[in-house]
*Asks:* 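Starting off with a structure, shown below.
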Amino acid sequence: MKAFADRIRAEDIPLSRRAIAFILLMVFEFFYGWSWNTVDVLRPQIREELGLTLTQAGSAYTAQSLGALIGAIGFGALADRFGRRPVLFAIVLGTAAAAAAGAFVGSYIELMAQRFILGLFLGANFPVLIAMYMGLFSGRVRAKLTSVGQGTYNLSVIALGFAYGFYAERPDWEILLLIGSVPALLLSPLILWLVPDDRRMIPWGTDPNEEASAQLPLLELFSPVLRRNTWLLFLLVSLNFFAYQAFAGWTTTYLQNERGFGPETIGHIISLQFTGALIGGFFWGWFSDRYGRKPVGIGFAVGASAIWAYLTLAETPTSFAIFGFAWGFTMTASVAWAPWISEMYPTRVRSSAMSIFNWGRVVSMTAPLVTGEIAASFGLGTAMSLAVVGFAIGAVLWFMLPETHRRKTDTA
């Protein structure tokens, strides 16, 4: 049975309509980034409000990551079976409601439950939202579009950093949780109006004669032809998330408790860190589309060095901002992953393949617990240095994956 019988090709949908859909998806990417990062940026406030230990405060990320893993697998499979547009609409609604609920938690148990539920919906963002626009445009521009997505994500964290500097010491700091949820809830119906229905569309570059799979999408990822790539990607994203959380997850706490900086200074350092990521995302997107997905792995190697410098050489707010900027710039090399994964796997399992991005949370959810215990015994700087090892090994794994990008003459 043909998987794409009687459907319109993405190439035949007017560019203006596809562009409008992409812009709308970026709006929801912004609110996704804002909501996801409140678990890290607001960790000092949450910890003080609920009277938590370092390990308990870090475990909120573990709960969110566990939810994200389950949500990525579950919603990714649902999107492959029943369509990405309706599933995305449900994801946005669920994210908005769960994020808003964070403003009303009053205990550690409630925090863990709220973050787990929020994670269920946040984890589905990558496999569904990104797979949605991967199918609307050609491989020639996919990494650039992913750069815009990464830039939008980083812009949301920059905005959160500035807002943090303003609200951190105010009793109504919980408003930062509502800013990332209420607007998304109000805008969510536009998904059904402005985003093309993928159930009636042949994704760009897909063979219209591609056969529908008799296997469950998740099982096909471990078929003999695909399983090596699947396992390598799993290990790569696992190290990425563990290392990222070991470093970025404790940044505000480290700068406040270990270095004695105030909220305004911390907010500026974090904002510059993600400004680097914003700029780096566009650079790596261009680099990936120009030179291929594989060479981009050099970013992880350089990023490991930037973290080492941050933890051992930086002393002043300016030096922390410089090394943080450098780390942010290099870490967004991961913008190559979305087009890379979309090119490694058949279209019929694209959302499930994209969910590999969140499988790494199986490992990363242990990061706050492991680093929290290490921090309690040896200091946060020692715990955060695990990120150097994680990103360095990740760079090695990156170069073990196959190149998939071939420059073509097709347009957007």
Side-chain angles (χ1 to χ4, degrees), residues 33-68 98-99 101-116 118-119 122 156-180 241-271 273-274 310-311 320 324 361 364-376 379-381 383-384 386-387:
W34 182 291
S35 294
W36 180 273
N37 285 282
T38 55
V39 73
D40 292 331
V41 175
L42 299 180
R43 189 173 295 176
Q45 284 66 39
I46 295 172
R47 182 187 174 204
E48 181 179 356
E49 181 80 13
L50 301 179
L52 307 178
T53 66
L54 280 172
T55 302
Q56 286 177 324
S59 66
Y61 176 86
T62 301
Q64 183 170 294
S65 296
L66 178 60
F104 306 100
V105 299
S107 69
Y108 175 61
I109 297 300
E110 291 179 6
L111 173 67
M112 294 292 282
Q114 181 263 333
R115 283 293 164 178
F116 173 79
L118 177 60
L122 289 174
S156 73
V157 187
I158 293 170
L160 179 58
F162 277 114
Y164 176 85
F166 182 74
Y167 280 101
E169 296 183 328
R170 290 177 48 165
D172 59 345
W173 59 267
E174 292 95 341
I175 196 172
L176 294 174
L177 297 167
L178 300 177
I179 291 174
F241 279 124
F242 185 94
Y244 180 92
Q245 183 57 210
F247 179 70
W250 293 109
T251 299
T252 52
T253 305
Y254 176 76
L255 294 174
Q256 176 178 298
N257 296 347
E258 302 285 322
R259 296 295 181 165
F261 297 142
E264 186 175 355
T265 299
I266 294 172
H268 285 310
I269 292 173
I270 293 174
S271 294
Q273 181 174 303
F274 283 92
Y310 189 101
L311 296 174
F320 278 105
R361 300 192 191 281
S364 74
M365 70 178 64
T366 67
L369 304 178
V370 173
T371 54
E373 290 298 323
I374 294 175
L380 271 176
M384 294 168 70
L386 291 177

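Atoms considered below: every heavy atom in the structure, side chains included; atoms not considered: hydrogens, waters and symmetry mates. Just so you know, these numbers come straight off a predicted model, no measurement behind them.
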*Asks:* Which pair of heavy atoms, one from Ser35 and one from Leu122, lies closest together, and at what distance?
*Replies:*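 That would be CB-CD2, 4.3 Å.
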
*Asks:* Can you give me the closest heavy-atom contact between Ala367 and Ala246, atom names plus distance?
*Replies:*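 That closest heavy-atom pairing would be CB-N, 4.5 Å.
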
*Asks:* Would you give the length of the straight line joining atom CG of Leu177 to atom CH2 of Trp34, rounded to the nearest 0.5 angstrom?
*Replies:*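 Here the interatomic distance stands at 9.5 Å.
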
*Asks:* Can you confirm whether Thr371 sits close enough to Met384 that some side-chain heavy atom of one is under 4.5 Å from a side-chain heavy atom of the other?
*Replies:*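 Contact flag for Thr371/Met384 side chains = no.
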
*Asks:* Provide the closest heavy-atom pair for Leu160 versus Thr38 in the form atom of the first, atom of the second, distance.
*Replies:*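 Result for this residue pair: CD2-N, 4.1 Å.
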
*Asks:* If you define the side chain from C-beta out and look only at heavy atoms, does anything of Thr253 sit under 4.5 Å from Leu54?
*Replies:*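 In contact.
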
*Asks:* For atom CD of Glu110, decide whether the heavy atoms of other residues, nucleotides or ligands shown that lie under 6.0 angstrom number more than 12.
*Replies:*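 More than 12 heavy atoms, drawn from other residues, nucleotides or ligands, come within 6.0 Å of this atom.
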
*Asks:* Is the shortest side-chain heavy-atom distance between Tyr108 and Ser59 below 4.5 Å?
*Replies:*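 Counting from C-beta outward, Tyr108 and Ser59 do come under 4.5 Å.
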
*Asks:* Please report the closest heavy-atom contact between Gly33 and Val157, naming both atoms and the distance.
*Replies:*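 That closest heavy-atom pairing would be O-CG2, 4.4 Å.
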
*Asks:* So do the side chains of Glu264 and Phe166 get within less than 4.5 Å of each other, counting heavy atoms only?
*Replies:*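 No, every pair of side-chain atoms sits at 4.5 Å or beyond.
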
*Asks:* Please round to the nearest 0.5 Å and tell me the distance separating atom CG of Leu52 and atom CG of Leu111.
*Replies:*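 Those atoms lie 6.5 Å apart.
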
*Asks:* Does any non-hydrogen side-chain atom of Tyr254 lie less than 4.5 Å from one of Ile266?
*Replies:*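 Not in contact.
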
*Asks:* Between Ala103 and Leu178, what is the shortest heavy-atom contact and its length?
*Replies:*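 So the minimum-distance heavy-atom pair works out to CB-CD2, 4.1 Å.
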
*Asks:* Out of curiosity, Gln273 CD to Phe247 CZ, how far, rounded to the nearest 0.5 Å?
*Replies:*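 Rounded to the nearest 0.5 Å, the CD-CZ separation comes to 5.5 Å.
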
*Asks:* Are the side chains of Met112 and Thr62 in contact, using a 4.5 Å heavy-atom criterion?
*Replies:*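 Counting from C-beta outward, Thr62 and Met112 never come under 4.5 Å.
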
*Asks:* For Arg43, what residues pass the salt bridge (Lys or Arg N to Asp or Glu O under 4.0 Å) criterion, not counting sequence neighbours?
*Replies:*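 For Arg43 the salt bridge (Lys or Arg N to Asp or Glu O under 4.0 Å) partners, ignoring immediate neighbours, are Asp40.
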
*Asks:* Looking at CG of Leu50 and CD1 of Ile109, how far apart are the two atoms once the value is rounded to the nearest 0.5 Å?
*Replies:*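 The CD1 atom of Ile109 is 11.0 Å from CG of Leu50, to the nearest 0.5 Å.
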
*Asks:* Any donor and acceptor pair, going by atom type alone, linking the side chain of Glu174 with main-chain N or O of Phe104 inside 3.5 Å?
*Replies:*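 Between the backbone of Phe104 and the side chain of Glu174 there is no qualifying donor-acceptor contact (under 3.5 Å).
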
*Asks:* Quick one: ring pair (Phe, Tyr, Trp, His ring centres under 6.0 Å) partners of Phe261, sequence neighbours excluded?
*Replies:*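 Listed in chain order: Phe320.
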
*Asks:* Quick one, Val41 and Leu176 - any side-chain contact, counting heavy atoms below 4.5 Å?
*Replies:*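 They are not in contact (no side-chain heavy atoms under 4.5 Å apart), so the answer is no.
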
*Asks:* To the nearest 0.5 angstrom, please state how far the OG1 atom of Thr252 sits from the CD atom of Gln45.
*Replies:*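 Between Thr252 OG1 and Gln45 CD, I get 7.5 Å after rounding to 0.5 Å.
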
*Asks:* What distance do Arg259 atom CZ and Thr251 atom OG1 have between them, rounded to the nearest 0.5 Å?
*Replies:*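 Arg259 atom CZ to Thr251 atom OG1 measures 12.5 Å (nearest 0.5 Å).
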
*Asks:* Would you name the heavy atoms of Ala60 and Arg115 that are closest together and state the gap between them?
*Replies:*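 Closest approach of Ala60 to Arg115, heavy atoms only: O-CB, 3.6 Å.
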
*Asks:* Would you kindly say whether Ser271 and Tyr164 are connected by a side-chain donor-acceptor distance under 3.5 Å?
*Replies:*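 Tyr164 and Ser271 do not have a side-chain donor-acceptor pair below 3.5 Å.
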
